[in-house]
Amino acid sequence: MSLKELLAFDKSLVSALSESRNEPKWLLDSRLEAYGHYRSLGTELNPLYTKYVSTFGVDVDVFRMQAQSPKLDFRAFFEGFLTGKERNILLQGNEQHVHSELDDDLSAKGVRLLSMEEALKTDEDLVKGLFADRRAKPSSEKLAAFVGAFFNCGTVVYVPRDVSVDKPLRRMILLDAPKSAVVDLTFVLAEESSKLVFLEELYSKGPSGPSLMASTVEVRAKPSSHVDLSSIQLLDEQAVHVSNRAVETLNDSRATVSSLSLGAASSRSRTNFFLDGRGSLAEGFEIFFTDAKQKYDFETNLFHNSPDSTGSTQARGVLKGESQSIFKGMIKIVNAAKNSRSYLAHHAMILERTAKSDAIPGLEIDNNEVKATHSASVAQIDEEQLFYLMARGLPLDETRRMVVLGFFEPVLSRVPIEQTREGARFMIEGKWDGVKRRLVDRETLLLEEGETTPEVRQSEDIFERHYKYR
């Protein structure tokens, strides 16, 4: 079957995708298995969340896919920001790999930043092993199964044992073909005692009709490794964004995932942390700012499967207009995970009465020798704070701006990646002012002005606050 035409998400598309890419039989079998789960699973499996499907559910079947879209000119869109001399970067236009560049010294050490097609050609055994050990299993979630069946692009990031990548590896995705869905599957693997920073940026060239960007990102931190991952979503006002992240930490490893969501009409994000090793640590930071009629659906789960593990996730968002958000999260500590510590928090600020936010945090604890807590709040902007600042001569709009930007700081200050931390502040300020900003714009200003804000990690121990299980 030709993939030049737009095709529906059915079984024939699975076979056509695999054939057009000359994929090995094991990968076709994997796609077909995922397709079976996609058709059999319900949109929401947890009965606590099913009533929200009508509001936040995403029907990906209304979109279509074709194999090849025209290659994009990154220079034209990022004129003045991309010079062609960037290193440690992968550029992707729609589903097509446009360009990748890696420092010679990192390449010599065995570090890889490859498109999925390149990885299959150069190291099929590595890719096959990554598919075999997936934690975002197609059998567990409908949209993870969707990506597993229909992915038309992807990236493989690999850092060998004892190798430290001090310079961030970066992937930029630019969309401008709304008629064809972009479905991405990415693997990030840090071998034992390695270190890695990976930045992902999602952009739209401009509003041109409803579009779909769906992705699954698998992060695997082997013993004593350290992985920092960040994702910045700046899609246009008619885009639909679906994201699944599965993060596995083994003995004494550490992983952080930072996410900034400002774009898209509708976004559905799932992050699962699997703390599978003694002494492992996982942190998640979710930051969002919505307006107009945007709808954001977040879910973050912490699965403590080993003793002495530490997990925390914090979400903070501000809502304007008629926008809506929901945050769902669960801490699950198994009986064998003695001395684990876990923290789950969501706090939202409502700026207008027409906006709405819900939070459903939960605990499932099978061991008494743990510390675990959750917290959630949804409130309007603090009138006392506004009065205090206005009494000192500040106008109302500037006062509201200061309060909103300050509301994000408890989470922003903990984001470990400087580019993400500074870029988030820059882009949030832009959204408040009604201006679309990009991370690359901020980087150019830094080069010109030399201004940075030092990383400020909160000194207080979040586990020494009130918690439910102690």
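- Inspection of the S225 and S194 side chains reveals no N or O donor paired with an N or O acceptor under 3.5 Å.
- For E118 and K121, the salt-bridge test fails: no basic side-chain N is under 4.0 Å from an acidic carboxylate O.
- By the salt bridge (charged side-chain N to carboxylate O under 4.0 Å, His left out) test, E237 is found to be paired with K436, residues two or more places apart in sequence or in another chain being considered.
- We find that R270 and E299 are joined by a salt bridge, their nearest charged nitrogen and carboxylate oxygen being less than 4.0 Å apart.
- Scanning both residues, T249 and A282, for their nearest heavy atoms gives CG2-CB, 4.4 Å.
- Checked by atom type, the side-chain pair S139/H37 shows no donor-acceptor distance below 3.5 Å.
- Expressed to the nearest 0.5 Å, how far CG of N244 lies from OG of S269 amounts to 8.0 Å.
- No hydrogens or angles considered: nothing links the side chains of S224 and E192 as a donor-acceptor pair under 3.5 Å.
- In this structure, a donor-acceptor pair under 3.5 Å is present between the side chains of S340 and S309.
- Each of F131, F198, Y158 was evaluated against F187; a single residue qualifies, F131, per the ring-ring contact (aromatic ring centres under 6.0 Å, His included) test.
- A heavy-atom distance below 4.5 Å is found between the side chains of V217 and E200.
- Side-chain contact between N301 and K332: absent, with no pair of heavy atoms (C-beta onward) separated by less than 4.5 Å.
- Under a cut-off of 6.0 angstrom, the local environment of NZ in K167 is sparse, with at most 12 non-hydrogen atoms contributed by other residues, nucleotides or ligands.
- Look at K109 and D162 and you find no salt bridge, because none of the NZ, NE, NH1 or NH2 atoms lies under 4.0 Å from a carboxylate O.
- Ring centers of F298 and F288: under 6.0 Å apart, within the cut-off.
- Cation-pi contact between R220 and F274: absent, since separation from the ring centre below 6.0 Å together with deviation from the ring axis within 45° is not met.
- Contact detail for Q92 and C153: the closest heavy-atom pair is NE2-SG, 3.2 Å.
- Here CG of L114 is found 9.0 Å from OG1 of T155. Values are rounded to the nearest 0.5 Å.
- Atom CG in L126 sits 13.0 Å away from atom NZ in K128 (nearest 0.5 Å).
- No donor-acceptor distance shorter than 3.5 angstrom exists from the side chain of E283 to the backbone of S312, with no hydrogens or angles considered.
- Here D184 pairs with R171 in a salt bridge; the nearest charged N to carboxylate O distance falls below 4.0 Å.
- Between V53 and T43 the shortest heavy-atom distance is CG1-CG2, 4.0 Å.
- The shortest side-chain heavy-atom distance between T300 and F273 falls under the 4.5 Å cut-off.
- Of the possible donor and acceptor atoms, none in the side chain of S204 sits under 3.5 Å from a partner among the backbone N and O of L235.
- Here the straight-line distance linking atom CZ of R268 with atom CG of D297 works out to 5.5 Å at 0.5 Å rounding.
- The two atoms that bring L319 and A348 nearest to each other are CD1-CB, 4.0 Å, heavy atoms only.
- Here the shortest heavy-atom pairing between L41 and K142 reads O-NZ, 3.1 Å.
- Using modelled atom types and a 3.5 Å distance limit, the side chains of S323 and Q294 yield no donor-acceptor pair.
- Distance alone, capped at 3.5 Å, places no donor-acceptor pair between the N88 side chain and the R170 backbone.
- Atom CE of M65 sits about 4.5 Å away from atom CZ of F9, to the nearest 0.5 Å.
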